[in-house]
Amino acid sequence: MDEQYDPDIIEHRWQNYWEKEGLMKVTEAPGKKKYYLLEMFPYPSGKIHMGHVRNYTIGDVVARYKRMRGFNVLHPMGWDAFGMPAENAAIANNTHPAKWTYENIDNMRTQLKQMGFSYDWDRELATCQPEYYRWEQWLFLKMYHKKMVYRKESFVNWCETCQTVLANEQVEAGLCWRCGKQVRQKKLAQWFFRITDYVQDLLDYCDKLSGWPEKVITMQKNWIGRSTGAQIRFPIENPSENMQKEIPVFTTRPDTVFGATFMVLAPEHPLVTKLSKDTDQEAAIAEFVDRMALQDRSARVIESYEKEGVFTGKYCINPMTGYRMPIFTANFALMEYGTGAVMSVPAHDQRDFEFAQKYGLNIIVVVNAPNQDLTAESLTEAYTGEGIMINSDRFNGITNIEAQEKISAYLEKKGLGKKTINYRLRDWGISRQRYWGAPIPIIHCPSCGIVPVPENELPVLLPEDADLLEGGKSPLPALASFKNTTCPLCGAPAQRETDTMDTFVESSWYFERYCSPRCNTAMFDKSAVDYWMPVDQYIGGVEHAILHLLYSRYFTRVLNDLSLVNFKEPFTRLLTQGMVCKETLSCPEHGYLFPDEVISDGENRRCRKCNMPVTVGRVEKMSKSKKNVIDPHVLLEKYGADTTRLFCLFAAPPERDLEWSEQGVEGGYRFINRVWRFAYAIMDEIQDVKAFNGSPDELEGEFKTIYKKTHQTIQKVTDDIEERLHFNTAISAIMELVNALYGMESFQNPQETEKTEKETKVLRFAMETICLLLSPVVPHVAEALWYALGHRQSILLTSWPSYKEDALTKEELVIVVQVNGKLRSRLHVSVDTDEKDIKKQALEDEKVLKFIGEKPVKKIIVVKNKLVNIAT
RNA sequence: GCGAGAGUGGCGGAACUGGUAGACGCGCUGGACUUAGGAUCCAGUUCUGGCGACAGAGUGGGAGUUCAAGUCUCCCCUCUCGCACCA
């Protein structure tokens, strides 16, 4: 072996070797335990960033570890390749999204390979390939026929100037990000997946996902947002001909219905305009509705902490009290939740209270607080607590909790309403008025209406000859060669749907596709999916805790209902890794600075451009906008893949945020060198012996200690990886072992000590163990040293080491002696010394006696093999 | 506002079911080897007092349970993340 550790040489050598030998390739092996390890696939943005490096390093350690434990490990990688950035880049650089995307993929693949990740690259897929999305279209049709998909009108953010829809993140404070003009809500017919059909099942299974972080489960539950209550119908006073006669509302507080004094409808509610027609309020309402349409939802929420509403000019009747309730429309009512209408009970809902105060509406108290006498006049805020019913006719005197049930039952009996469960989750709108996505396989025929593309005509190819338009407008509607077609039913000229699918659709089933990525007769080969799925361990960022994971769970249920898979939950265990963070640097003149725009001279840091002192800001998530980023490429050049991997794993446990530290990286590099130097120093000596495998009793002195410590390290590292995925403590255990080896007398003073053959074998055992334990973390170094030890089979194919129980036991140990809980002395005793003896020794101890003094001993607690506590 | 998580040396972080607080790494200090070392090796490093053995204090703050609390209970403070006019 070389005396010097040279990451550049060994990383190339072993990456080439693994590739040439096909060591990462995997096929189904019935009878062999499988393990499916998946990391969230990246969007091909151009370069990998530290977040990817961390995510994929964590995954790779587990994959390599599980392989050594004898599992048949599926560890694939691919590209979430559709999406808007490709369009934007294409417009900006006057290129084509496909070209841009594929070039990025090539670049990123190279970078991932340089990291030494153990992917089976034969399974690589990109979601923008027709071979991929054709099966998505196929599934869309299946779902269409099963009525799992439907079309309805829905609002989108629309920029009139750019003539395009905008994603929520492209709307900044209500304005278009490109042209700065007002964004308005426009109604378009769009496709929806009926995820709400599965809402209760998705919720129920949240509690069965024992391998998921609590946090993610909570987020999913909140997103689903189940609430129980009642639906109540309020008759409209003198409804006009063309109008519904009642307004249904959803409420979680049916107990307060006697206190409902007005009605609020969402501005988009179809009744709003109808009600105000021919009243004095018509103009005011029109103005208000128009103004609200200009605001996108998020802006409306932020700007309108102030409640604002307009009277429609009409009334409805409280079915329980006969109260004549004015009907308002207001900015805080959401069309998407419940029925888009709110029965307002100002006495018991803070929002309604504020609204009533502002518009001088009547307040009726119906739940009295314990030991108080609430009145409309004395209320300064809504009372939302529990209490006894008042002003509620036959329900007076009972608790409001009881009243919830009774009033619901009464409403139901009288046909005025019913108990209901309402969910916040809405159906999944998948239409995108965008070019770079999978076309929705539908044809619009003037005479037959909506016609699905016949299965044998799939895929509906996304035309690659489209010219992208300034502003992001999709070229598809204007592309005659794509849009114009014939109706599959009647043969008449017809037009293709020009919307594409949300990119979350692709990522909702890619993990199944990986099982048989080249299958060209189906979405996937059923037997392959049966073998590999579900994913045993999924790893990715928390930012996908809700949408991606929920959609994937939903899709799996759809596939299950279509008998394509035989399970419901795709991911058994989930790990959400923390963010990679770094301090920000900024200068008064140039704002945020990249690390290489800063000159450090000693303590001081200055801006390279203006030489002003640099302000060191707080530690935040690495982001291009804050410029606190480190390019993994630079790390690879300077330290190599192994150091980069080691640092990512060592600096923090995976679920926590990782704070970037150049010195931490140096430390990692130093450790690898330390291992290398040790190996080099003893290599000749241990070259031709076999690793010791006997009982520790055959050894003595420091070799016995090292032998045992090696076994203890195996145990510690195995537990840390297996149970908790805490690689930081696993690595520190290996460091301890290396430190112990360095500290050996025979290593420090080799000329004064002579080793027996057994002792040399112990060294070999320790060295081999270090290689094996390190191999998932720093695979190139481990492989290189393994080879140097004389092995001619890859370390990848070697089993994970096991430890001997008898090597873990300690014969002598230190017992801590406390007096009143404070550490006072230590006893060295042999294992399993009986309690009496220990007590005796403790009480005879000089230091202990000093602290007991004259006081009588009240109690002595002995924890076996651990401590003695003497209470006085 | 609601929900979740976290607060431990100069720093990143250890400490499984209550049982030696500070593993491991970084930084710092000293020494060795050196023409030199930002290389490497060795030693030290929670704070306060003392040359020292040692003593006292100490896991955001305050109470409590216990022989024993970073860990359990209650109250408070701070930070991070999610959700947020959801009827």
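A, B, ... follow the sequence lines: proteins, then strands. Residue 1 opens every chain.
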Distance between the [atom1] atoms of [N] and [M], in whole angstroms?
N      : M      : atom1 : result
B:rG18 : B:rA68 : C1'   : 8 Å
B:rU46 : B:rC11 : P     : 13 Å
B:rG52 : B:rG38 : C1'   : 36 Å
B:rC76 : B:rG3  : P     : 13 Å
B:rG56 : B:rG1  : P     : 45 Å
B:rU59 : B:rA21 : C1'   : 7 Å

RNA chain B base-pair string [pairs: Watson-Crick or G-U under 3.5 Å; |: paired with another strand]: (((((((..(((......[....)))((((((.......))))))((((....))))..(((((..]....))))))))))))....

With a 4.0 Å cut-off on N to O distance, would you call [X] and [Y] a salt bridge?
X      : Y      : value
A:K621 : A:D657 : no
A:K638 : A:E662 : yes
A:E655 : A:K215 : no

What's [X] touching, base or sugar-phosphate or nothing? Going by heavy atoms closer than 4.0 Å.
X      : value
A:K858 : nothing
A:N673 : nothing
A:Y423 : nothing
A:R824 : sugar-phosphate

Near-ring test A:F355/A:F328, centroid separation under 6.0 angstrom: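 Yes, the ring of A:F328 comes within the 6.0 Å limit of the ring of A:F355, centre to centre.
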
Ring centre gap for A:Y5 and A:Y680 strictly below 6.0 Å: no

Quiz item: A:R253 side-chain donor-acceptor pair to B:rA87 base, under 3.5 Å: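 Flag unset: no donor-acceptor pair detected.
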
5' precedence on RNA chain B between A:K716 and A:E659 (nearest-nucleotide basis): A:E659

Under 4.0 Å protein heavy-atom contact, by nucleotide of nucleotides 19-33 of chain B - B base, S sugar-phosphate only: BB--BBSSS------

Near-strand residues of residues 210-221 of chain A, defined as heavy-atom separation under 4.0 angstrom from RNA chain B: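 Hits under 4.0 Å, by residue number: A:K215, A:T218, A:M219.
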
Syn or anti conformation of B:rG49, syn meaning chi within 90° of 0: anti

NZ (A:K358) with more than 12 external heavy atoms under 6.0 Å: yes

